[in-house]
Amino acid sequence: MKTLIVNKDGTLAIQETKTPTYGKQEALVKTIACGMCGTDVKLIHKAFKGFPEDVYPIMLGHEGVGEVIEIGEDVTGLKKGDKVLLSFVDANEDFGSGWGAFSEYAIVTDALAYEPGTAPTVAYAQTVLPDDIDPIDAVMIVTFREVLSTIRYFGIQPNESIVVFGCGPVGTTFIKFLSLLGCKNIIAVDIMDEKLKIAAENGATKTINSKEADLVSEIRTHFPDGVDYALDAVGLPAVVNQAMPLIKDRGSVLVYGVPEKEEITIDFSKASYNWNVIYQQMPEKVEEGEAHEQVLAWIRSGDLVLKDYISDYFKFDDSVKAFAEFLDKKLLQKGIIVF
């Protein structure tokens, strides 16, 4: 099969490798689509925790949707023709694995093939899609579930105030879901007016271009005591220090995603005496699975429209070009590679 890899020098290429083999509790899927994510960018830059240089070259991709074409002998929860979220490819003799979903074929695991509570954790998020959901656009559901499960982990309540740094696909999704959950004080911060406009359409009650405005003055004008939360939806350690003077006493800076450096120096000279910094580097797969039904309910009610978060589609053979555009920040929202 063909797979998209990151070489040791950070360049991308489509290469041949063996189609993955599946066990008796697993299924083989033919990939339909895979989303492009900031996680992929960090892997390209060799700046993702747990991926030292010696594991490269690696197969890329973690937001895959595939169609089941073969099943193992113990599989009962999957059948041929099912469309399934979150298919992966393990490392092989050719390449390491950055989850490997930008591959023509991949593997999913059937939780029902195991005794209760004993399946690999990823199996609880490898969910069969209903027939009424477009399997290409369903790539977005991976992001949606991660974001909703992270909001639940952070414990954000409707009566609380929050500043969201970054209005890309992830930040916009946070804003939309916070709005759907009843939050009334959501401030969106970005350096691109186009993205701030999208944030406002998705429920931000105030938008601030941080290149043009004094962020601290703007926030403190509307929230003299500071906000309850400041959320980094970008993954930049500098945001923690930008957020420090914005939060109220005992407020929290929330960081979603894996930062490029595994250390951070916090300057709390402009903060209140009491504060928290809380990281969620990677949601638990069980929690992602538990968020699935609420996401589907929002889609079916019309509160959540998948295409609203997607700006670009690319053919798999054009993956290298697609990532060049992504790295050059030419994609306004989610880019999807279609097989």
Side-chain angles (χ1 to χ4, degrees), residues 35-42 44-45 63 137 139-144 146-148 150-151 154 156 161-181 183-219 222-223 227 229-243 246 253-260 280 298 303-314 322-337:
M36 303 163 70
C37 177
T39 294
D40 301 316
V41 173
K42 290 190 171 87
I44 291 167
H45 292 160
E63 295 184 350
D137 291 348
V139 162
M140 278 306 311
I141 294 176
V142 177
T143 297
F144 291 161
E146 289 177 351
V147 168
L148 180 56
T150 298
I151 290 172
F154 286 147
I156 304 165
S161 52
I162 184 167
V163 176
V164 178
F165 283 84
C167 299
V170 171
T172 301
T173 301
F174 268 105
I175 290 164
K176 179 67 172 183
F177 286 9
L178 289 166
S179 178
L180 287 173
L181 292 167
C183 293
K184 304 299 183 186
N185 294 304
I186 309 168
I187 304 95
V189 175
D190 204 283
I191 59 173
M192 293 178 62
D193 287 334
E194 282 183 291
K195 290 186 175 182
L196 289 169
K197 180 182 178 183
I198 293 170
E201 292 168 352
N202 280 274
T205 52
K206 181 174 177 56
T207 62
I208 302 173
N209 187 318
S210 56
K211 267 191 170 181
E212 299 174 356
D214 183 321
L215 193 56
V216 176
S217 175
E218 284 276 349
I219 298 297
H222 292 85
F223 299 91
V227 294
Y229 300 104
L231 169 68
D232 172 16
V234 184
L236 294 176
V239 172
V240 173
N241 290 328
Q242 283 182 270
L246 307 180
V253 179
L254 310 173
V255 183
Y256 173 67
V258 179
E260 291 193 352
Q280 166 101 310
W298 281 334
D303 289 315
L304 197 56
V305 179
L306 293 169
K307 286 191 183 296
D308 286 351
Y309 300 83
I310 302 165
S311 59
D312 296 85
Y313 299 88
F314 302 92
F323 267 96
E325 293 188 25
F326 187 33
L327 291 166
D328 202 27
K329 302 186 185 302
K330 291 182 178 179
L331 308 190
L332 190 60
Q333 297 192 80
K334 175 68 74 176
I336 296 177
I337 303 293

Leu148 and Trp298, any side-chain heavy atoms less than 4.5 Å apart: yes
Min side-chain heavy-atom separation Leu231-Ile156 under 4.5 Å: no
Whether Asp328 side chain and Lys330 backbone form a donor-acceptor pair below 3.5 Å: no
Polar side-chain atom of Asp40 near backbone of Cys37 as donor-acceptor pair, under 3.5 Å: yes
Min side-chain heavy-atom separation Leu215-Phe165 under 4.5 Å: yes
Student check: side-chain heavy atoms of Glu63 and Lys334 closer than 4.5 Å: yes
Taking every non-hydrogen atom, the tightest pair across Gly38 and Phe326: N-CZ, 4.2 Å
Atom of Leu196, atom of Cys167 and distance for their closest heavy-atom approach: CD2-SG, 4.1 Å
Euclidean distance, Ile44 CD1 relative to Leu327 CG, rounded to 0.5 Å: 5.0 Å
Val170 and Val147, any side-chain heavy atoms less than 4.5 Å apart: yes
Atom of Ala233, atom of Val164 and distance for their closest heavy-atom approach: CB-CG1, 4.3 Å
Mutual orientation of the aromatic rings belonging to Phe177 and Phe144 [parallel < 30°, tilted 30-60°, perpendicular > 60°]: tilted
Residues Asp137 and Tyr313: side-chain donor-acceptor under 3.5 angstrom: yes
Ile337 vs Met36 side-chain heavy atoms within contact, under 4.5 Å: yes
Heavy-atom side-chain proximity of Ile186 to Phe174 below 4.5 angstrom: no
With Gln333, the side-chain contact (heavy atoms from CB on, under 4.5 Å) member among Asp308, Thr173, Ile198: Ile198
